[in-house]
Amino acid sequence: MKPLPVNVTNRSGPRTQSRHQTDGNARKCRGSRCLVLLTVGLALICVLLLVFIILQHITITAERDLTKSYKNTVEEFNQTINSLQDNYTDLMIKNDQLQNNFNSLSQKKLELESRVDQLNSEQGDLWGPDDMFVSNEEKSWSDSRQYCRDRGADLVIINTEEKQRHISSLVKERVWIGLSDGQQEGKMKWVNSPLKRGFWLKGEPNDSGGNEDCIELMPSNPVLNNWNDHSCSVKKKAICEK
Ligand SMILES: *[C@@H]1O[C@H](CO)[C@@H](O)[C@H](O)[C@H]1NC(C)=O
Ligand SMILES: *[C@@H]1O[C@H](CO)[C@@H](O)[C@H](O)[C@H]1NC(C)=O
Ligand SMILES: *[C@@H]1O[C@H](CO)[C@@H](O)[C@H](O)[C@H]1NC(C)=O
Ligand SMILES: [Ca+2]
Ligand SMILES: [Ca+2]
């Protein structure tokens, strides 16, 4: 089955010898017919090579595209992360700003509170060293007394002419004072001591309707005659004293 080496060497040269051997067509290879066969074989190889190269090119291009799209994805991802980071930074800045606003508002609140305290103590100064103050809510006599007590005080006791003048000059409206005859009709008592001297309005106390046991000071009347007994449930401001 082996081809004749002499023939092959003469016609095709040593390079194609092995190809002819593998084809197994060497016995048919004679003259121009053999040349055609060789040419066809070479052309086939060329075509195969071409196909191989094209396939290789397609593969490489696809890989390059894949790499490119992968890079794009990474880039987009990176951009998203960067944008998130920017947003986070923005949020932190806004958070800081809000915190600062909050702090300055807290500061202002403290300032206003101390200003209110200052004004209150200035108002207290108006009332002199007696630590007296007017309630800022209108209440019945007993609720007014509770109001004073809740603030470490009690309804005011007026046991001197000087104090009567002082209070009468300071209040602008009718106010409860710490005097009543609620325990025993007709027997006026301060919240913690008996009454010695009264500065009654003319004709008072008159226990009108048998129902007037609590005493108010009416500053629109003469300074030494401005007390009246009134119904204890009537609501008005009061003078407290510590
Ligand atoms: C992501 O973006 C940052 C800033 O834009 C850049 O420094 C970094 O190299 C990028 N990383 C990638 C993997 O693209
Ligand atoms: C960042 O915030 C902007 C608006 O301030 C928004 O348009 C963008 O989508 C945000 N980025 C991300 C990744 O959420
Ligand atoms: C008694 O006092 C009340 C006020 O408490 C007054 O309105 C009334 O006129 C007085 N009555 C007399 C008879 O003075
Ligand atoms: Ca009475
Ligand atoms: Ca009366």
Side-chain angles (χ1 to χ4, degrees), residues 102 104-242:
F102 177 78
S104 80
L105 280 177
S106 297
Q107 182 64 30
K108 281 204 179 101
K109 178 171 170 278
L110 284 178
E111 283 169 13
L112 283 175
E113 272 173 1
S114 75
R115 180 89 185 108
V116 165
D117 284 350
Q118 191 189 340
L119 284 173
N120 277 344
S121 70
E122 274 171 16
Q123 192 190 27
D125 289 346
L126 266 182
W127 286 88
D130 296 324
D131 258 345
M132 285 188 286
F133 55 95
V134 185
S135 68
N136 56 15
E137 292 169 48
E138 294 185 350
K139 292 174 179 296
S140 70
W141 189 87
S142 54
D143 284 351
S144 293
R145 188 165 184 209
Q146 192 57 48
Y147 176 97
C148 298
R149 290 181 146 193
D150 287 345
R151 286 156 183 77
D154 205 336
L155 286 170
V156 73
I157 293 166
I158 304 174
N159 43 19
T160 64
E161 184 179 318
E162 189 193 8
K163 201 165 172 182
Q164 167 69 15
R165 288 182 185 279
H166 181 56
I167 292 172
S168 298
S169 70
L170 286 174
V171 295
K172 302 283 179 281
E173 57 196 304
R174 296 159 70 158
V175 286
W176 289 125
I177 58 177
L179 187 66
S180 81
D181 68 342
Q183 273 186 355
Q184 190 185 333
E185 177 55 39
K187 193 168 184 188
M188 291 292 165
K189 275 179 64 181
W190 293 111
V191 287
N192 64 0
S193 55
L195 172 66
K196 286 175 188 160
R197 178 187 173 186
F199 300 95
W200 297 103
L201 201 65
K202 202 167 183 259
E204 305 290 349
N206 67 357
D207 198 42
S208 176
N211 187 36
E212 294 189 324
D213 294 343
C214 294
I215 312 307
E216 61 173 339
L217 188 150
M218 302 167 76
S220 58
N221 293 97
V223 67
L224 294 181
N225 299 96
N226 58 15
W227 295 1
N228 172 45
D229 59 346
H230 211 192
S231 169
C232 296
S233 58
V234 176
K235 291 179 177 171
K236 56 189 88 201
K237 291 186 179 177
I239 299 174
C240 306
E241 179 180 31
K242 284 186 180 170

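Counting starts at 1 for both ligands and their atoms, following the listed order. Note that this is a predicted model, so its numbers are computed, not measured.
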Problem set entry | Residue pair Gln164, Asn226: steps toward the side chain to side chain donor-acceptor pair (under 3.5 Å) verdict | CA-CA 9 Å; Gln164 167 69 15; Asn226 58 15; 2.7 Å; yes
What is the name of the N/O/S atom of [X] that is nearest to the Ca ion (ligand 4)?
{"X": "Asp213", "answer": "OD1"}
{"X": "Glu212", "answer": "O"}
{"X": "Asp207", "answer": "OD1"}

Exercise. What angle, to the nearest 10°, do the atoms OD1 (Asn228) and OE1 (Glu204) form about the Ca ion (ligand 5)?
Worked result: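 Roughly 60°, rounded to 10°.
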Problem set entry | Asp207 (side chain) donor-acceptor with Glu212 (main chain) under 3.5 angstrom |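 The answer is yes, because a donor-acceptor pair under 3.5 Å joins these two groups.
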Exercise. Looking only at atom types and distance, does a side-chain atom of Trp141 sit under 3.5 Å from a main-chain N or O of Ile177, one as donor and one as acceptor?
Worked result: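 Yes: the side chain of Trp141 pairs with the backbone of Ile177.
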Exercise. Has Ser208 got an N/O/S atom less than 3.0 Å from the Ca ion (ligand 5)?
Worked result: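 Here the distance criterion (N, O or S atom, under 3.0 Å) is not met by Ser208, so no.
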For this session: Using a cut-off of 6.0 Å, state whether more than 12 heavy atoms not belonging to Gln183 lie near its atom CD.
Result: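 Open: at most 12 neighbouring heavy atoms sit under 6.0 Å from CD of Gln183.
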Exercise. Do Lys196 and Asn159 have side-chain heavy atoms sitting under 4.5 Å apart?
Worked result: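 No. Closest side-chain heavy atoms not under 4.5 Å.
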Exercise. How about Asp229 and Asp181: do any of their side-chain heavy atoms sit closer than 4.5 Å?
Worked result: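 When only atoms from C-beta onward are counted, Asp181 and Asp229 do not touch, as no gap falls below 4.5 Å.
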Problem set entry | Heteroatom test (N, O or S) for Asp229 near the Ca ion (ligand 4), limit 3.0 Å |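 Within the cut-off used here (under 3.0 Å), Asp229 places no N, O or S atom near the Ca ion (ligand 4).
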Exercise. Looking at residues at least two apart in the chain, or sitting in another chain, which of them share a side-chain hydrogen bond (donor to acceptor under 3.5 Å, both in side chains) with Glu137?
Worked result: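 Checked Glu137 against side-chain hydrogen bond (donor to acceptor under 3.5 Å, both in side chains); matches are Lys139.
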For this session: Assess Arg197 against Phe199: is NZ or CZ under 6.0 Å from the centre of the six-membered ring, and within 45 degrees of the ring's axis?
Result: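 No; the conditions do not both hold, so Arg197 does not lie above the ring face of Phe199.
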For this session: State, to the nearest 10 degrees, the angle whose vertex is the Ca ion (ligand 4) and whose arms point to OD2 of Asp181 and OE1 of Glu185.
Result: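 It is 80°, given to the nearest 10°.
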Exercise. Is a salt bridge present between Glu111 and Arg115, judged by a nitrogen-to-oxygen distance below 4.0 Å?
Worked result: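 The answer is no: the pair does not qualify as a salt bridge.
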Exercise. Considering only heavy atoms, which protein residues lie less than 4.0 Å from any atom of ligand 3?
Worked result: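 Protein residues near ligand 3 are Glu204, Asn206, Ser208, Glu212, Asn228, Asp229, His230.
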